Amino acid sequence: MNLLDQFILQHFQIVHLHGELINVSREGSMKDAKVEMNLAPRLMEMDSGDKLPSYQVSGRLTCVGDSGEKSAPAFKVKVGIETVYQQITGDPMDISEFTNHHASLARQIYPLLAQELRTLLTRMGLSSIQLPFDLNP
């Protein structure tokens, strides 16, 4: 089930930006960067009546660069957002069904996170880092 067929993005807010250069070598020895996205849904308080539910989805995208040395990574970058999705069609969806299918929201949330992460990486002088969305298939 694709939740984007029944829900709209009602609110988007950046809640966390963190970047840290730890062990960057000028010789270009950086090898790989690990990218990880996490989504965590929760039911928003609902008004009484026939109103369809809203769900808050917290998203986090982290990127850690491998410096080639075992002692420390080259950099760590983390971006966090809060989104609110409002159901607009269908029967009211309960939290368990929403949670079972919330990964389908990644199609919309990942580009939002990646855009903020890309901006932070560029500010840190790491514009050569390619995120998975940037790579050719």
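The shown structure was predicted, so the numbers you read here are calculated from the model rather than taken from an experiment. FYI, the numbering just counts along the sequence from 1.
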Exercise for the section: Would you please classify the geometry between the F98 ring and the Y55 ring as parallel, tilted or perpendicular, with 30° and 60° separating the classes? Expected result: parallel

Residues that [X] engages under side-chain contact (heavy atoms from CB on, under 4.5 Å), provided they are two or more places apart:
{"X": "Q10", "value": "S54, V84, Q86"}
{"X": "D91", "value": "none"}
{"X": "Q6", "value": "M1, Q87, T89, M93"}
{"X": "V64", "value": "P73, K76"}

Problem - Residues S58 and E82: side-chain donor-acceptor under 3.5 angstrom - result: yes

For [X], enumerate each residue passing the side-chain hydrogen bond (donor to acceptor under 3.5 Å, both in side chains) test, keeping only those at least two apart in sequence or located in another chain.
{"X": "N38", "value": "R60"}
{"X": "D94", "value": "S96"}
{"X": "R42", "value": "Q56"}
{"X": "Q108", "value": "Y85"}

Practice task
Evaluate the criterion side-chain contact (heavy atoms from CB on, under 4.5 Å) for residue pair L131 and Y110; output intermediate values, then yes/no.
Solution key: CA-CA 11 Å; L131 299 175; Y110 179 80; 3.7 Å; yes

Exercise for the section: Would you mind reporting whether L21 and F75 have side-chain heavy atoms less than 4.5 Å apart? Expected result: yes

How long is the straight-line distance from [atom2] of [Y] back to [atom1] of [X], given to the nearest 0.5 Å?
{"X": "I81", "Y": "I109", "atom1": "CD1", "atom2": "CD1", "answer": "5.5 Å"}
{"X": "H101", "Y": "L4", "atom1": "NE2", "atom2": "CG", "answer": "13.0 Å"}
{"X": "N2", "Y": "F7", "atom1": "CG", "atom2": "CZ", "answer": "11.0 Å"}

Fill in the blank from the handout: Heavy atoms of V35 and P132 approach each other most closely as CG2-CD, 3.9 Å

Completion exercise
Nearest heavy-atom contact between L43 and P53 is CD1-CB, 4.2 Å

Exercise for the section: Under 4.5 Å between side-chain heavy atoms, chaining through other members, with only Ile, Leu, Val, Met, Phe, Trp and Tyr counted: pull out the rest of the cluster around I88, sorted by chain and number. Expected result: I8

Give every donor-acceptor pair under 3.5 Å between a side-chain atom in residues 11-18 and any protein atom, sequence neighbours left out.
residue	atom	partner	partner atom	Å
H11	NE2	Q13	OE1	3.3
H18	NE2	E20	OE1	3.2

Show me the donor-acceptor pairs, under 3.5 Å and distance only, between side chains in residues 119-129 and residues at least two apart or in other chains.
residue	atom	partner	partner atom	Å
T119	OG1	Q115	O	3.0
T122	OG1	R118	O	2.9

Practice task
Could you walk me through whether L9 and L112 pass side-chain contact (heavy atoms from CB on, under 4.5 Å), step by step?
Solution key: CA-CA 12 Å; L9 178 61; L112 297 170; 4.1 Å; yes

Handout entry: Donor-acceptor under 3.5 Å (T62 side chain, K78 main chain)
Key = no

